[in-house]
Structures are given as C-alpha cells and as structure tokens.
Amino acid sequence: MSNWTARDRAEIARRVAQDIPEGWYVNLGIGIPTLVADTVPAGREVIFHAENGLLGVGPAPAPDELDRWLINAGKQHVTLLPGGAFFHHADSFAMIRGRHLDLCVLGAYEVSSGGDLANWARSSTDTAPAVGGAMDLAIGARRVWVAMEHVTRSGVPRLVESCGYPLTSAGRVKRIYTDLAVVDVTPEGFAVRDMVEGMTLADLQDRTEAPLRMAEEA
Amino acid sequence: MIDKFVTSVAEALEGVPDAATLLLGGFGAVGQANHLIEGLLETGVANLTIVANNAGYGEVGLARLLKEGRVRKLICSYPRIAGSTIFEELYGAGKLELELVPQGTLAERMRAAGAGIPAFYTPTAAGTQLAADKETRAFDGVPHVMEHALSGDVALVEAWCADRWGNLTYRRAGRNFNPVCATAARLTIAQTQTVAELGEMDPETIVTPGIFVDRVVHLPYGDPQD
C-alpha cells in the first residue's frame, strides 16, 4: 500500500498557482492549466491572456450574466476584469512570440528531461490533427511550465528521456507540476522540487522514465 | 459620394470566383461572418481554398460549405473542435486537403500579406514536423522557420459597427482574426450588426480603417450561438 495520496486536478492547479507571483502576465492552456485561474490566492493580481485576443480574463460568468461575445481560447464563456483589453490575433501572438508573457502553463502528453514538449498530436499521422497556439506559446513565453498527470491512465510515465509523440517545441519546458511532484528541468535533467506527502524519491522514480534527483534548493 | 454599403448578401458576394482563396475571420462561434459564408452556397462557387482558424462546427457557416462539397483545401490551425464532425468525416475520407498552420503563424502570414512583406522567419514550429519541409535559419543561435505571406482573393469578416467609408469596429472576442483578414485580401467584404453615420464612430477607436474594406452589408442577427 502506498503512503501517499495523488493530487487531483484542482490540487495540481492550486500548486501551480502558489508559484505565480503578483504582476505576471500568464497564458493558460486547455485542461488542468485552465483551472489555475480559479486558484490564484485572493488579492494577488495576475493578468491572464487568452490567445483569441483578451488580456484580463476573469472567472466563468454566472449563468444569468453570460455574454456570448466573450470566450477564451478553449471556447469557454468567460468574463473580462476591469482593466481588461481586446486585440486582434496578430497582436495577440506578437505578445506571445515577442516574449511579453511571463509564463504559459500547458498540458502535455510527454515532457523529456531536456525540456522537449509533446502536446499536440499522438502520432505523425493523426486522423484529424489540430495544433492551435501550442507551438507559439511553447516557444514564445518567457517561461513554459507543464501541468499534467505523472503517468498515463495505463501507468506509462510521461516524464521521459526522449518524447515519442511529435514535438511541440524543443528544450523550452522549465518546470512540470504533476499529481505526484513538482519537477524542474535543468541542464543536468529532471530535479525534484517537492513531492506529495509520504512519497519517496524511489517511489517517484518508479513512475518516471528519465533519472530523477532532488533539487539542491527547493 | 463613397458608399460601400450594399443591400444584400448576393450583391456583397458578386464576382467571387470559383477556386478563390477566402480568408475567414472568426474564432469558435464568435465573429464569424456566417451569413456571407452561407451566401456562397447560393452563388454556386466551388473548389474553394478556405483560410480559417477552425473548420466550422455544427451545420452552420463553414461547416455547411464543407458539407456541400464547395471546399477543396483548408488552411487552418485548429480544425478539430467540439461539433466539427463534418470536417472530421471529409478529412477522414480523404476528400479535403488540409494545411495545418500554428495559430500565430497563421495570423502573422496574413498580417505580412496585408503589410507587403512576402515572407518572414519565426521560431514557432522550428524542429517540429510542421516545419519539416521548410527553410530554416538560425538567428542568435536559435532556429527559425521561413514562412510565406498568405493573401486571399476575398476576405469575409464580421464587424459590430460600420460606416459608409467601411470603417469597422468589432465586439469583444469577435475581433480575433477579422482585422487581420481584412488587410490581406484583394476584396474585403464585411457584414455588420450595426451602422453608424459617417463621423459618428470615434476615430480613436476605429479598429479597421475603411481603406481595407470594399463592401459592407448590414445584417443585425444578434448574439452568436454555440
């Protein structure tokens, strides 16, 4: 029996949010990253960007306040905070590619120990591929963090030596938040910043393809 | 007197030829010029190349064009969304050519076309299969991919407000690709929900100046539905 409990999706998101300081401009990908917006501590101003042309994205609207003209990149209805702005797609991706975003948090299928990211296609002959803004975000944001489950549903590690799925970007991921741990990508490979309570480095290594070591400062 | 307003969708679409390349604004259900897009069904044009972020949803707009076999090729960043079943069937059956382009590259290729820049280098997609056959070049040691400008024969955009000179504003997330598409086509056609007298729109807030717009049709249909 294990002595630890995995974080659920909301808890992964909350753990990410803890590390986002006030004043950062942040883009959140689809999936677990989207939940990060709801878990930023009260009173901390973080400005969320949506690649379809919004800065200052707020929480989901109450049902009676739904505005059909306000959606985020995941096509979910959102609100706009006071101070928010609209802009067109070329400007939106100028913000992304031009290194103006402090952070983007993306979901992933796999991340390699060299920081390579695979999150857009499961094979090179995907039946209906879709890339969206993933490649722009993964190359353009000043920091790229990943939020995902540590292993697949069938238990296959997602933190790997080398990505098997088609790459989104090479060498750009700096940190990974999973249901089991927070792992930095360093020039020497994966370095564990923290793990869920009760988990040992040996437990985590059993669920990780590439070698792990503890980070020197965490 | 300059008056870019036309009175019907048919008039707005006059002269759109077979095998045209069309730039479509819109992201998800918001900011789609669906009345103009569906108007193409009436004009009978076919063999179209469509440039759009998504490949349509349900059975409106672009999805209807696809269903009726009017589209030869899609240039698109995110064709597979909830409700994009018509796209998935056609693509799966090999009846539709797809050029998949990262979203920011798609926007910038149209921006470049509208700005008279034939090609540019971007770090996006370097080292991935989407850049496999493309020229790459290192700047400051970082690989970049050469991308070509993407112009259209026709752009179909949805505005919120327009005047007779073709000045446009948009509504919230309905802006998206619309102002970019408007710059990048030889013939830009806008449908607008509201109309302003000349001089009524605040010059400080006009998003697309009328120089980019050729025809406007007033179609007050209300909120986008999803």
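Convention: sequence-line order gives letters A, B, ...; per-chain numbering from 1.
Annotation: Ile211(B), atom CD1; neighbour count of heavy atoms from other residues, nucleotides and ligands within 6.0 Å does not exceed 12. In this structure, Lys134(B) places its NZ atom where more than 12 heavy-atom neighbours from other residues, nucleotides or ligands lie under 6.0 Å away. Counting heavy atoms of neighbouring residues, nucleotides and ligands inside a 6.0 Å radius, atom CH2 of Trp160(B) exceeds 12 of them. The environment of CD in Glu161(A) is crowded: more than 12 heavy-atom neighbours from other residues, nucleotides or ligands sit within 6.0 Å. Taking a 6.0 Å sphere around OH of Tyr121(B), one finds it holds more than 12 heavy atoms contributed by other residues, nucleotides or ligands. Surrounding CG of Asp133(B) are at most 12 heavy atoms belonging to other residues, nucleotides or ligands under 6.0 Å away.
Under the 4.5 Å side-chain criterion, counting only non-hydrogen atoms from C-beta, Pro166(A) is not in contact with Leu130(B). Side-chain atoms of Tyr91(B) and Pro129(A), non-hydrogen and from C-beta on, do get closer than 4.5 Å to each other.
Between His88(A) and Tyr170(B), the gap from one ring centroid to the other reaches at least 6.0 Å.
Of all heavy-atom pairs between Thr128(B) and Ser169(A), the closest is CG2-N, 4.5 Å. For the residue pair Trp69(A) and Gly222(B), the shortest heavy atom distance occurs at CZ2-O, 3.7 Å.
In this structure, CG on Leu106(B) lies 9.5 Å from CG on Asp136(A), to the nearest 0.5 angstrom. Rounded to the nearest 0.5 angstrom, Leu54(A) CG and Arg175(B) CZ are separated by 10.0 Å.
Counting only distance, with no hydrogens or angles, the side chain of Asp223(B) and the backbone of Arg68(A) share no donor-acceptor pair below 3.5 Å.
The choice from Val30(B), Val180(B), Leu100(B) that makes the most heavy-atom pairs within less than 4.5 Å of chain A is Leu100(B). For the options Gly133(A), Gly53(A), Gly84(A), Ala50(A), heavy-atom pairs under 4.5 Å to chain B are most numerous at Gly133(A). Of the listed residues (Ala107(B), Ser77(B), Pro143(B)), the greatest number of heavy-atom pairs within a distance under 4.5 Å of chain A belongs to Ser77(B). Heavy-atom pairs under 4.5 Å with chain A peak, among Gly127(B), Ala126(B), Pro123(B), at Pro123(B).
Proximity to chain A (any heavy atom under 4.5 Å) is restricted, for Arg111(B), to the side chain, taken from C-beta onward. Residue contact with chain A, scored on non-hydrogen atoms closer than 4.5 Å, involves the backbone of Val101(B) exclusively. Neither the backbone nor the side chain of Ser92(A) comes within contact range of chain B; no heavy atom of the residue lies under 4.5 Å from a heavy atom of that chain. Proximity to chain B involves both the backbone and the side chain of Ala90(A), based on heavy atoms less than 4.5 angstrom apart. For Asn178(B), no part sits under 4.5 Å from any heavy atom of chain A, backbone or side chain. Using a 4.5 Å cut-off between heavy atoms, Ile139(A) contacts chain B through its side chain alone, with no backbone atom that close. Proximity to chain A involves both the backbone and the side chain of Thr105(B), based on heavy atoms less than 4.5 angstrom apart. Interface residue Asp67(A): only side-chain heavy atoms are found under 4.5 Å from chain B. Residue Phe93(A) touches chain B through its side chain alone, counting heavy-atom pairs closer than 4.5 Å.
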**Message:** Using side chain to side chain contact (heavy atoms under 4.5 Å, CB included), reason through Lys75(A) and Asn54(B) one step at a time and then give a plain yes or no.
**Reply:** CA-CA 11 Å; Lys75(A) 282 95 177 174; Asn54(B) 304 118; 3.2 Å; yes

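Between Phe27(B) and His89(A), the ring planes lie tilted relative to each other; the angle falls in the 30° to 60° range.
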